Amino acid sequence: MTIFHFLLKESNRGKVKRGLVPKATQQFSVSQATIKRIWKQGKECEEKNLPVNVSSRIPTRVGLTIKEFDWSKIPEIPLRRLTNIRSLAKALNIPKSTVHRQIKKGKIRKHTNAIKPAFTTEIKKARLEFCLEKIQENLVFEGMYNVIHIDEKWFYMTKTTENYYLHPEEEDPHRTCQSKRFIKKASLSACKAAF
């Protein structure tokens with residue numbers, strides 16, 4: 001409105017003087033197109049005997065409409081579908097970019113899950129016996145410089161560490177196995193040789 005009143009005051013019988021648009025552009029720090037639009041819009045209102053309204057016609061909210069989604073469905077999805085963004089997005093039937101955006105906002109929580117060893121009594125006993133064998137008479141632990149341990153690992157049914165994308169209020173998954181080095185149905189051969 002300030003720009004329109006300035007132009008109206010400086011105009012000659014309702015016509016903008018030559019050089020007035022560049023002057024207004026410099027004074028109000030806006031483009032010439034904006035000055036011309038304000039003048040044209042104001043004159044149209046005057047011609048129709050309407051209150052002068054030179055506000056921008058751009059809607060107050062621009063851009064994509066963000067759809068609200070019920071994130072409480074995440075706990076119902078199986079854990080195997082929560083290990084990466086792609087499978088989670090497919091399970092929720094939404095784009096990957098939306099899932100990624102919600103992770104940044106904190107509506108979806110990234111959790112790194114490490115598998116916990118679940119030792120049986122026999123394994124604990126065998127490990128303790130092995131340690132006791134290595135203690136010498138003077139209560140010093142024997143150096144194992146003449147022992148070689150060779151582990152050959154093939155295929156694992158699960159990973160020792162797994163990422164999950166969870167609902168913020170969802171509990172962390174608890175995964176266990178007999179040994180982190182010997183995961184169920186994995187091919188593992190160990191050889192111990194002494195010199």
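This is a predicted model, so every value here is computed, not measured.
- Residue pairs meeting the ring-ring contact (aromatic ring centres under 6.0 Å, His included) criterion with at least one partner in residues 74-103, sequence neighbours excluded, are absent.
- Contacts of Thr34 classified as side-chain contact (heavy atoms from CB on, under 4.5 Å), with partners at least two apart in sequence or in another chain: Val30, Ser31, Arg37, Ile38.
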Contacts under 3.5 angstrom, residues 108-115 side chains, donor-acceptor by atom type, not counting sequence neighbours:
residue: Arg109; atom: NH1; partner: Asp172; partner atom: OD1; Å: 2.9
residue: Arg109; atom: NH2; partner: Glu170; partner atom: O; Å: 2.7
residue: Arg109; atom: NH2; partner: Asp172; partner atom: OD1; Å: 3.1
residue: His111; atom: NE2; partner: Asn113; partner atom: ND2; Å: 3.4
residue: Thr112; atom: OG1; partner: Asn163; partner atom: OD1; Å: 2.9
residue: Asn113; atom: OD1; partner: Arg175; partner atom: NE; Å: 2.8
residue: Asn113; atom: OD1; partner: Arg175; partner atom: NH2; Å: 3.4
residue: Asn113; atom: ND2; partner: Pro173; partner atom: O; Å: 2.6

Verify side chain to side chain contact (heavy atoms under 4.5 Å, CB included) between Lys105 and Gln102, making sure each step is shown before the conclusion.
CA-CA 5 Å; Lys105 288 181 181 177; Gln102 299 310 317; 3.9 Å; yes
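- Atom CD1 of residue Ile74 and atom CZ of residue Arg81 lie 13.0 Å apart, to the nearest 0.5 angstrom.
- Partners of Arg86 under the salt bridge (Lys or Arg N to Asp or Glu O under 4.0 Å) rule, at least two apart in sequence or in another chain, do not exist in this structure.
- For Glu169, the side-chain contact (heavy atoms from CB on, under 4.5 Å) criterion is met by His167, not counting sequence neighbours.
- Residues forming a side-chain hydrogen bond (donor to acceptor under 3.5 Å, both in side chains) with Thr98 (at least two apart in sequence, or on another chain): none.
- A distance of 10.5 Å separates CG in Leu166 from CD in Glu171, rounded to the nearest 0.5 Å.
- For CD of Gln136, the number of neighbouring non-hydrogen atoms (other residues, nucleotides, ligands) closer than 6.0 Å is greater than 12.
- Evaluation of the side-chain contact (heavy atoms from CB on, under 4.5 Å) rule for Leu132 yields Leu128, Ile135 as partners, not counting sequence neighbours.
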Ignoring hydrogens and angles, write down the donor-acceptor pairs under 3.5 Å from the side chains of residues 89-96, residues two or more places apart or on other chains.
none

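- Ser72 is linked by a side-chain hydrogen bond (donor to acceptor under 3.5 Å, both in side chains) to Asp70, counting only residues two or more places apart in sequence or in another chain.
- Atom CG of Leu79 sits about 5.0 Å away from atom OH of Tyr164, to the nearest 0.5 Å.
- Taken from CD1 in Ile35 to OG1 in Thr25, the straight-line distance is 4.5 Å, to the nearest 0.5 Å.
- In this structure the side chain of Lys134 never reaches within 4.5 angstrom of the side chain of Cys131, judged on heavy atoms.
- Within the structure, every pair that satisfies the ring-ring contact (aromatic ring centres under 6.0 Å, His included) test and touches residues 16-37, not counting sequence neighbours, is listed here: Phe6-Phe28.
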